[in-house]
Amino acid sequence: MKQFLLSVVFLLSAGIPSIAENGHQLWLRMQPNETDVRVACDVSSPTADIAADELRRYWRGTPDISLSLNAQMADDDGFAISRTPNGGLLIQAARDRGLLYGAYHLLRQQETGQPINPTEQHPAFGLRLLNHWDNLDGSIERGYAGRSIFWRNDKREVMSDKQHSSLITPHSSLITPHSSLLQDYARANASIGINGTVLNNVNASPRMLAKEYLDSVRMIADVLRPYGISVFLSVNFASPMTVAVEGVNGGKPLTTADPLDRQVAQWWKAKVDEIYRLIPDFGGFLVKANSEGQPGPGDYKRTHAEGANMLADALLPHKGIVMWRAFVYGYHEGNTDRVMKAAAEFKPLDGQFRKNVIIQIKNGPLDFQPREPYSPLFDQLKQTPMMPELQITQEYLGQSRHLVYHGPMWQEFLSFVTNPMPAIAGVANIGLDDNWCGHHFSQANWYVFGRMAWNPGLSSEQIAREWLQQTFSSDEHFLVPMTWVMQTSHEACVDYMMPLGLHHIFKGDHHYGPEPEGNQPNFPDEWKPVWYHKAGKDGIGFNRSTHGGTGATQQYRAPYNQLFDNIETCPEQYLLWFHHLPWTFRMADGQTLWQNLQRHYRHGVEMVDRYVDTWQQMRPYVDSQRHREVSQRLSHQQENARQWRDHCIGYFRQFAE
């Protein structure tokens, strides 16, 4: 026994992980300090109290820290850190939320070994929120990490302690928030500057606005509020036809959801007033309308502006906002190129929206593909607030089975879209799995979203490195190779899935695995892989140029409209997105298009093979449980990447050779 204890001490002193971890701590694996940290704070609030408590628990630097509100600073979530004459530290902010972010900044610098220098920081986006696609029955659309941390509506389901059974009260089919779990969630978000969350799916159930669910929203809001997080709800535009509101239509549901109908406007005003009585700091609504079968103002021959403005008018007295999604394909007739529809529908409405309406736009014009050019709608709206929507969950990027770090992809997007915007959203990848995200490395995409939402100027490499340091190890023998893995993982995924601008050739509706032959007769054209790659004996690719194509290139601002339109100047990573080219087309390296396509597919698999080997060498720096679980996911990724390579090359060969 004595020898065993000595061995444990030796392992710990050598810095070699000896205790298994399930990943639930995320990047917040800070160890409590052993010194007396004196934290003075001149403001009394739950948020400031959390900031002070975090520093008292985990700060190992100077023993004196002061937190102070400064009305002279910009009225946002920013903070300033400076030295005091006695050698201590002073964190100042205009809001108590800024004090919390300043505290987490100090702790992040400490955990990553960075110098504590005077700094003043302000967020690039005022609202930095997660969009949860959680359903009221506890399932999650495009969720790959277990069931919802917010919702459950099946009393017959028995949940183990491991699945946080204490989330559920024994006498109700709705949730009562489990403070510990939701506090962990809130703390993780606050540590990276996320200040808002949408609690339910954009394909929203009208029942979300029923009183019993709003009571649960109130309880969730009470837990999240001290961490500076406001709650929002996705709403179904036809909710007035399902849910009754006291004092409107005799307390019965309406027979219409026409936004210009007086009773509809009254219904929404009454419902919004009810919500704010429960949750005074409620943030507002997210709306998916007239897309993929969802109801909307178009059902009544009204515009998106008329629909959004009706909701905005109800929210404005409470300072609430409407985030109206621009993902609108599949409703209106017209140009058959799906990537053009958002710009075509919203550009004519520019300037017609209320001041508290923000148009929420996916980073690309299609649907979160492994690689897309940026959405041209960001170039088209001049008088309407916009916000990007990024997808943290890996719907099209391996679904938490593949190690794919999104930082480089988002950095590419943000290099094109630089205009100031009031908000940014990320579709969450969080569920009841012990490690929150299914794959331990999928946590990094939650983390990088928060960091880039605060400061888009941070490099994806810097963020990857600091995440690795906080989550796994600060040993350079670990950091250097694993930063390389993360930084190259997105390009590798593009290579083994859809290189050179190919897109939407996934299998069926689940968006996992290859099906370039997909031509399902019961699907609309804009869901069929063959409609996107258009492979034939004459070549491959979707012609969106002005040379016999759809002209989608002209929705972009100069100089990108000309850059993308010209085969000679179009970046090769977007080539088959914008152009249909013969298999014999000569690429920049002198090889043919077909030779390049094969090379990319093979290179993607070779990279995953290297990731598998690299991770095996990381065993000394990672605890046994997480090392084993990541190894299992990498093995699956390796198998699936080979499937993509073999299936796609085999299919396209019939046309190319």
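What you see below is based on every heavy atom in this structure, not just the backbone, and it leaves out hydrogens, waters and symmetry mates.
Between the Ser291 side chain and the Phe327 main chain, a donor and an acceptor come within less than 3.5 Å of each other. At distances below 3.5 Å, not a single donor-acceptor pair connects side-chain atoms of Arg128 with backbone N or O atoms of Trp454. Of the possible donor and acceptor atoms, one in the side chain of Asn201 sits under 3.5 Å from a partner among the backbone N and O of Asn203. Of the possible polar contacts, none joining the Thr384 side chain to the Leu381 backbone as a donor-acceptor pair under 3.5 Å is found. Judged purely by atom type and a 3.5 angstrom limit, Gln469 uses its side chain to pair as donor or acceptor with the backbone of Thr112. Side-chain atoms of Ser460 do not come within 3.5 Å of backbone N or O of Gln411 as any donor-acceptor pair. In this structure, Trp59 contributes its side chain and Thr62 its backbone to a donor-acceptor pair below 3.5 Å. Looking only at distances, no side-chain donor or acceptor of Asn445 sits under 3.5 Å from a matching main-chain atom of Asn429.
For the salt bridge (Lys or Arg N to Asp or Glu O under 4.0 Å) condition, no pair includes a residue of residues 422-432, sequence neighbours left out. For residues 442-462, the salt bridge (Lys or Arg N to Asp or Glu O under 4.0 Å) pairs, not counting sequence neighbours, are Arg451-Glu466.
Proximity of the aromatic rings of His490 and Tyr405 is defined here by a centroid distance below 6.0 angstrom, and this criterion is not met. The aromatic ring centres of Tyr185 and His132 sit less than 6.0 Å apart. Between Phe285 and Phe237, the distance separating the two ring centers is not shorter than 6.0 angstrom. Ring-centre distance between Trp446 and Trp27: below the 6.0 Å cut-off.
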Should Arg225 and Asp281 be marked as a salt bridge (charged side-chain N to carboxylate O under 4.0 Å, His left out) after you check the CA-CA gap, both sets of side-chain angles, and the distance that decides it? CA-CA 9 Å; Arg225 184 177 297 110; Asp281 57 349; 2.7 Å; yes
May I have the step-by-step check of side chain to side chain contact (heavy atoms under 4.5 Å, CB included) for Asn131 and Phe232, ending in yes or no? CA-CA 9 Å; Asn131 287 181; Phe232 297 74; over 6 Å; no
With ring pair (Phe, Tyr, Trp, His ring centres under 6.0 Å) as the criterion, how do Tyr104 and Tyr58 come out once you've worked through the C-alpha distance, each side chain's angles and the decisive distance to 0.1 Å? CA-CA 10 Å; Tyr104 282 124; Tyr58 302 112; 9.2 Å; no
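Look at Lys211 and Glu274 and you find no salt bridge, because none of the NZ, NE, NH1 or NH2 atoms lies under 4.0 Å from a carboxylate O. Using a cut-off of 4.0 Å between Lys/Arg side-chain N and Asp/Glu carboxylate O, Arg277 and Asp273 are scored as not salt-bridged. Residues Glu111 and Arg29 are not paired through a salt bridge, judged by the lack of any N-O separation under 4.0 Å between the basic side chain and the carboxylate. The pair Arg147-Asp134 does not count as a salt bridge, with every side-chain nitrogen at least 4.0 angstrom from each carboxylate oxygen. Remark: Arg56 does not engage Asp53 in a salt bridge, criterion side-chain N to carboxylate O under 4.0 Å. Classification of Arg95 and Asp76 as a salt-bridged pair fails, no side-chain N sitting under 4.0 Å from a carboxylate O.
Under the 30°/60° scheme for interplanar angles, the aromatic rings of Phe441 and Phe472 are found to lie parallel. Taking the six-membered ring for Trp and thresholds of 30 and 60 degrees, Tyr396 and His511 have nearly parallel ring planes, at less than 30 degrees apart. Taking the six-membered ring where the residue is Trp, Phe79 and His105 present tilted rings, their angle falling between 30° and 60°.
Across all non-hydrogen atoms, the minimal contact from Gln443 to Gly23 is NE2-O, 3.0 Å.
Annotation: the span from Leu278 atom CG to Tyr276 atom OH amounts to 12.0 Å, rounded to 0.5 Å.
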